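Nothing here was measured: the structure is a model prediction, and the numbers come from that model.
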Amino acid sequence: MLCCMPGVAFVPALLVSWSSAAFITSYVVAVLAGHVEPLVPYISDTGTKPPESGIFGFMINISALLGVITMCIRYLLIEKQNESSHFIRSSCNMFSLCIGLMGCTGMGIVATFQELSVPSVHDIGALVAFGSGVVYITLQSIISYKSCPQWNTYFVCHIRMAISVISCIAFIPMIVFASKISVTKIDWTPDEKDYTYHVVSAICEWTVAFGFVFFFLTFIRDFQRVSLRISTEIHEDPR
């Protein structure tokens, strides 16, 4: 199905499907292995113990790579559109790309340094990934409005902005309630002191994560207009 998509629409489609599979697979394996409770664990909780830690690390690193490719293509697409329309400054487009790449780097850190092994590094990576991700999709939503109506429909812009707003709203309590948790652990029971903070923060984390997934889903139509061309030049020796 991905191969039949016009242009390079298969790139964001692959990013969305792969990332969704990464979250769901590691969650199912962790729950079946009895390592986490089924009720809203943190995403990182589902990739802490083997065998799900290997699955989580491998798949999230691939997601980060696909994210880099998607963001770079998006940057080039906007640059090309901007040549004729001049709807934003090129520096704004570059800034958005840099923020997005920071988020992908954070994802790589989260995938490489497990929550219980190196918690401080893992938490920094998660903060960079989610924080940069929220800023990136917000900037992309603004850029989408700037490019209307020539390059985007207002319907798509409204969807992107709605996802951005929801992600921003969820990001704040995610950080606030996570900071109130006094101990780093993955096995929680309802009678524990910080259980409510954990549940609220985890729900917000899953909301932000799938907000990113659904946001990149809106790139598929735009990427249908993009084609990759490989040209080979042969230079003859004048002698």
Side-chain angles (χ1 to χ4, degrees), residues 1-22 59-108 128-168 171 208-233:
M1 182 181 69
L2 293 176
C3 296
C4 297
M5 290 185 172
V8 291
F10 68 91
V11 177
L14 182 59
L15 170 61
V16 168
S17 56
W18 183 272
S19 299
S20 300
M59 296 190 75
I60 294 300
N61 273 317
I62 297 296
S63 292
L65 177 60
L66 291 171
V68 169
I69 296 172
T70 302
M71 291 172 183
C72 288
I73 295 175
R74 174 67 176 173
Y75 166 80
L76 295 173
L77 174 61
I78 294 173
E79 284 293 290
K80 191 65 177 177
Q81 293 173 344
N82 203 40
E83 288 179 3
S84 58
S85 303
H86 305 290
F87 52 88
I88 61 164
R89 294 180 180 179
S90 182
S91 58
C92 295
N93 190 25
M94 175 59 71
F95 177 71
S96 176
L97 174 63
C98 292
I99 292 295
L101 295 182
M102 283 179 57
C104 293
T105 302
M107 285 181 62
V128 171
F130 284 104
S132 299
V134 166
V135 174
Y136 176 79
I137 64 175
T138 303
L139 291 174
Q140 287 297 316
S141 298
I142 295 171
I143 291 173
S144 297
Y145 275 109
K146 293 284 188 180
S147 65
C148 277
Q150 183 174 359
W151 301 109
N152 277 291
T153 65
Y154 281 105
F155 177 72
V156 171
C157 293
H158 295 337
I159 291 177
R160 289 176 181 170
M161 185 56 74
I163 294 173
S164 300
V165 170
I166 292 171
S167 298
C168 287
F171 176 75
V208 176
F210 274 98
F212 296 157
V213 170
F214 290 125
F215 189 89
F216 285 113
L217 194 64
T218 68
F219 280 177
I220 292 178
R221 186 178 182 87
D222 294 340
F223 279 36
Q224 291 177 351
R225 307 169 182 160
V226 181
S227 60
L228 298 178
R229 297 179 182 177
I230 302 175
S231 61
T232 303
E233 296 183 0

With no hydrogens and no angle check, is any side-chain donor or acceptor of S19 less than 3.5 Å from a backbone partner on V16?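 Such a contact is absent between S19 side chain and V16 backbone.
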Measure from the side-chain N and O atoms of S144 to the backbone N and O of C157, and report whether any donor-acceptor pair falls under 3.5 Å.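 No, the answer is negative, given that no donor and acceptor are paired below the 3.5 Å cut-off.
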Might you work through the side chain to side chain contact (heavy atoms under 4.5 Å, CB included) test for I142 and M161, ending with a clear yes or no? CA-CA 8 Å; I142 295 171; M161 185 56 74; 4.2 Å; yes
How many angstroms lie between [atom1] in [X] and [atom2] in [Y], if you round to the nearest 0.5 Å?
X: F10; Y: S17; atom1: CZ; atom2: OG; result: 12.0 Å
X: I60; Y: L65; atom1: CD1; atom2: CG; result: 12.5 Å
X: S164; Y: F215; atom1: OG; atom2: CZ; result: 4.5 Å
X: I88; Y: N93; atom1: CD1; atom2: CG; result: 4.5 Å
X: C104; Y: M71; atom1: SG; atom2: CE; result: 4.0 Å
X: D222; Y: W151; atom1: CG; atom2: CH2; result: 10.5 Å

What closest approach, in Å, do Y75 and M94 show between heavy atoms, and which atom pair accounts for it?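 Shortest heavy-atom separation between Y75 and M94 comes out as OH-CE, 3.3 Å.
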Taking every non-hydrogen atom, the tightest pair across S141 and R160: OG-O, 3.2 Å
Tell me, please, which residues at least two apart from K146 pass salt bridge (Lys or Arg N to Asp or Glu O under 4.0 Å). none
Begin from the C-alpha positions of V213 and L217 and carry the test side chain to side chain contact (heavy atoms under 4.5 Å, CB included) through to its verdict. CA-CA 6 Å; V213 170; L217 194 64; 6.0 Å; no
Run L14 and L66 through side chain to side chain contact (heavy atoms under 4.5 Å, CB included) and show every step you take. CA-CA 8 Å; L14 182 59; L66 291 171; 3.9 Å; yes
Can F210 and S20 be said to form a side chain to side chain contact (heavy atoms under 4.5 Å, CB included), step by step? CA-CA 8 Å; F210 274 98; S20 300; 4.2 Å; yes
Pairs in or reaching into residues 83-97: which pass salt bridge (charged side-chain N to carboxylate O under 4.0 Å, His left out), with residues at least two apart or in two chains? K80-E83
Determine whether the aromatic ring centres of F219 and F216 lie less than 6.0 Å apart. yes
In terms of heavy-atom contacts, does OH of Y145 have more than 12 from other residues, nucleotides or ligands at under 6.0 Å? yes
Could you list the donor-acceptor pairs under 3.5 angstrom formed by side chains in residues 132-140, with sequence neighbours left out?
from: S132; atom 1: OG; to: V128; atom 2: O; distance (Å): 2.9
from: T138; atom 1: OG1; to: V134; atom 2: O; distance (Å): 2.8
from: Q140; atom 1: OE1; to: R74; atom 2: NE; distance (Å): 2.7
from: Q140; atom 1: OE1; to: R74; atom 2: NH2; distance (Å): 3.4
from: Q140; atom 1: NE2; to: S96; atom 2: OG; distance (Å): 2.8

Is any side-chain heavy atom of T70 closer than 4.5 Å to one of F223? yes
